[in-house]
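Here is how names work: the chains are called A, B, and so on, in the same order as the sequence lines, proteins then strands, and each is numbered from 1.
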4 protein chains.
Amino acid sequence: MKNKIIATSIELFEKQGFTETSIQHIVDALDVTKGTFYYYFQSKEQLLMDIHTQYIDDLLHRQQQVIAEYETAKDQLTAMFHLLIQDIEIQGARARVFLREMRHLMDTNSVEVKEKRDEFRLVIEEVIRQGIEAGELLESLDPAITAFAFLSLTNYSYNWFNPHGALTAAQLSDAYSDIFFKGIVKEG
Amino acid sequence: MKNKIIATSIELFEKQGFTETSIQHIVDALDVTKGTFYYYFQSKEQLLMDIHTQYIDDLLHRQQQVIAEYETAKDQLTAMFHLLIQDIEIQGARARVFLREMRHLMDTNSVEVKEKRDEFRLVIEEVIRQGIEAGELLESLDPAITAFAFLSLTNYSYNWFNPHGALTAAQLSDAYSDIFFKGIVKEG
Amino acid sequence: MKNKIIATSIELFEKQGFTETSIQHIVDALDVTKGTFYYYFQSKEQLLMDIHTQYIDDLLHRQQQVIAEYETAKDQLTAMFHLLIQDIEIQGARARVFLREMRHLMDTNSVEVKEKRDEFRLVIEEVIRQGIEAGELLESLDPAITAFAFLSLTNYSYNWFNPHGALTAAQLSDAYSDIFFKGIVKEG
Amino acid sequence: MKNKIIATSIELFEKQGFTETSIQHIVDALDVTKGTFYYYFQSKEQLLMDIHTQYIDDLLHRQQQVIAEYETAKDQLTAMFHLLIQDIEIQGARARVFLREMRHLMDTNSVEVKEKRDEFRLVIEEVIRQGIEAGELLESLDPAITAFAFLSLTNYSYNWFNPHGALTAAQLSDAYSDIFFKGIVKEG
DNA sequence: AATGAATGAGGATTCATTCAT
DNA sequence: AATGAATGAATCCTCATTCAT
């Protein structure tokens, strides 16, 4: 039941937004009553926190697998492009809720998620730093800014990329890898 | 007064979000009454629409100036990086409201803003297309995807870039231009 | 202008009801501003009072003409049936506002209109009383109840009679006169 | 609780009118909170609809009983006079709300109630038609107009008849039957 | 004679949450 | 494990009215 509530909430939060989705909407969609909801969750925010925690923990775990599996910065970054963009198809709704509704977490919840989010970003930053040291990436790069650039490409794609359209997730992640690695300008 | 309401609303919408900001909050901040608000705006959505229209119209206008002023795709894109990122300092709050709260517009409002947003994007797409034709940019590029990549970098920066921090807007737009034009990989 | 406001208000009050019609509606329909309204009327209730006074004064005046013009109770009542029912065509909206919205008058206004309304009814009662004394009408009648019966027929017709339908006002007042004078039962 | 809300609302709607009675008035009179009201009713209009439905359904049911119990048109109409006028004492407030506030129902609600109201009227029309065919009532009558005359007498009495005054309901319905059946004019 | 800005109280409705059962 | 009744604060919005100009 707890998982059913989470699954339904994600759908509704994605479609209508967190604030616009009432507990009543959620329980109506599941054909149970509000009491049931409050048996499983302390509050609406707690539900949002559970969704966030599940998502980011899973992502961190998969990021670690990618790091372990590949050796070079380029391979690791390519694998992360694939990981994040191909995820849209399966985890799209969850990811969009994660990216859009974080601001509704308060106090410790907010801090806790922010820390894990930062962790994810800092791993990327570290991959880039090691790529530079290994002579694989340009020395002129600022690892922090470059990590933000990477995350911009992946995260913003949740706003517009439709995995059921003509463009496939594989095509998009390949195209983004190309742009990110080689740039867009033709060499003189 | 209308402009004062808009200015205050932008601040509050940015800090707390559109839904979380009540008309009461807005008028309290201005020390007027709710009646005053509704004298100037038909509805809360109309206020949001006014903010959106002002922002996107201004942006489209400045985009046209950039296009007119520069000749090559590279220069035009560089100028747009500067335009958008240096804007964060002055227009940051307005831009963040624009980027985050568009979903609260409904029906015709939603369509109208979406069209202008698309127009802005399609101009970038066209710049890229002409850059390719001119032999300036890589032939392998998909102009549409590349335009999205460009917008990802600029728009996502509103989420994290703090113009009052150590990193300046000029530094960021330069760094992003470099990455976008030349990529991050060291040539063999 | 005052008369234009009254005319427009009657239309709106009839269509939407007194409470549901705002001053804003009225002035919008006339393409003037609220200030104009309050230049001519002290309050919304004063406007309603003016409408009521005009209507009932006119009616009392015409009732006196009928009384003066005809001699027998039957002729006077017939003339009043015609007066009231044929009025629907020209004065329908005004009459409906009068009959439906009287309850929104307060204190002295309410009393003043009620007195004139009672006066109209008591004249009918007196016509019936004199008809009985003259041997024209049945001795078994209670003049007060009979006057109410008369007013029921005329006033309730404002609720359903459509002067633009197949049934004409003349046909209706004739039919009502017949029923009221001779009843509906076939003599044994 | 639902019935308590209905009962209290009827009283308040009758005294002050539907629009003039706020949900706050209703819940204050019951010493509960607004939330409670909206737990039982979707909206203020739904409450009004419930009142209307209860009233008209009950009336239709009792009309059928009268039709079944009596044989001649005269007896059926007499019984309906009694039914409707004696009802004022017990159902007066409910009936007045029904007769006065129907216009606040919208869309399907309005149509639904109107249909049942028409049904009630058409049954009366049919009784009159059969009375004419049976040679009991005058052939010159128009059944539709005559039915309206009947309803005018009964419905308008809700506006002025006070069952706690000197005139009893029985006396009024007898007087109205006499007038309706035999008219007011003395036979030559 | 008319305007435009402002008020402040009150309207219907929604909602997260609680709690006894 | 789940229900159903109730709360009370907050939300958007409307409105009659005032008043300086």
Candidates dA16(F), dT7(E), dT17(E) - which lies nearest the side chain of T36(B)
dT7(E)
Phosphate OP1/OP2 of dC12(F) contacted by S43(B) side-chain N/O (<4.0 Å)
no
Contiguous Watson-Crick or G-U pair runs (3 or more, under 3.5 Å) in DNA chain F
E:2-21 with F:2-21
Decide salt bridge (charged side-chain N to carboxylate O under 4.0 Å, His left out) for E20(D) and R100(D); before the verdict, give the C-alpha distance in whole Å, the side-chain angles of both, and the deciding distance to 0.1 Å.
CA-CA 13 Å; E20(D) 287 68 29; R100(D) 285 182 195 153; over 6 Å; no
Is any side-chain heavy atom of I6(B) less than 4.5 Å from a side-chain heavy atom of F41(B)?
yes
Rounded to whole Å, the CE-P distance (M1(B) to dA5(E)) equals 10 Å
D31(D), CG: over 12 other non-hydrogen atoms inside 6.0 angstrom
no
Can you tell me if Y38(C) touches the phosphate of dT17(F), counting only side-chain N or O atoms and a distance under 4.0 Å to OP1 or OP2?
yes
Between Q42(A) (CD) and dT18(E) (C1'), how many Å, whole number?
14 Å
Whichever of H25(B) and G35(D) has the more 5' nearest nucleotide on DNA chain F, that residue is G35(D)
Does NZ or CZ of K44(C) fall inside the cone over F18(C)'s six-membered ring, less than 6.0 Å from its centre and within 45° of the axis?
yes
Think Y40(D) has a side-chain N or O under 4.0 angstrom from the OP1 or OP2 of dG4(F)?
no
Expressed as a whole number of angstroms, how long is the span from Q46(A):CD to dT17(E):P?
11 Å
Is there side-chain contact between Y38(C) and I23(C), with at least one heavy-atom pair below 4.5 Å?
yes
May I have the step-by-step check of side chain to side chain contact (heavy atoms under 4.5 Å, CB included) for F37(D) and L47(D), ending in yes or no?
CA-CA 10 Å; F37(D) 177 90; L47(D) 162 63; 3.6 Å; yes
What is the distance, to the nearest angstrom, from the NZ atom on K44(D) to the C1' atom on dT14(F)?
13 Å
Which nucleotide sits closest to the side chain of K34(B): dA1(F), dA6(E), dC13(F)?
dC13(F)
Taking only the side-chain nitrogens and oxygens of T33(C), find out if one of them lies under 4.0 Å from OP1 or OP2 of dT3(E).
yes
To the nearest Å, give me how far apart CG (D28(C)) and P (dT14(F)) are.
12 Å
Considering every strand and a 4.0 Å limit on heavy-atom distances, what is the contact class for F37(B): base, sugar-phosphate, or nothing?
nothing
Atom CG of L47(B) and atom P of dT11(F): how far apart are they, to the nearest Å?
16 Å
L30(C) CG to dA1(E) P: how many Å, rounded?
16 Å
Go through the steps to decide whether D50(A) and Q46(A) satisfy the test side-chain hydrogen bond (donor to acceptor under 3.5 Å, both in side chains), and finish with yes or no.
CA-CA 6 Å; D50(A) 281 15; Q46(A) 188 54 55; 2.9 Å; yes
Any side-chain heavy-atom pair of T21(B) and K15(B) under 4.5 Å:
no
When T21(C) and V32(D) are each assigned the nearest nucleotide of DNA chain F, the 5'-most assignment goes to V32(D)
Rounded interatomic separation in angstrom, taking NE2 from H104(B) and P from dC12(F):
11 Å
Remember a base hit wins even if backbone is also touched, and classify S22(A) as base, sugar-phosphate or nothing at under 4.0 Å, heavy atoms.
sugar-phosphate
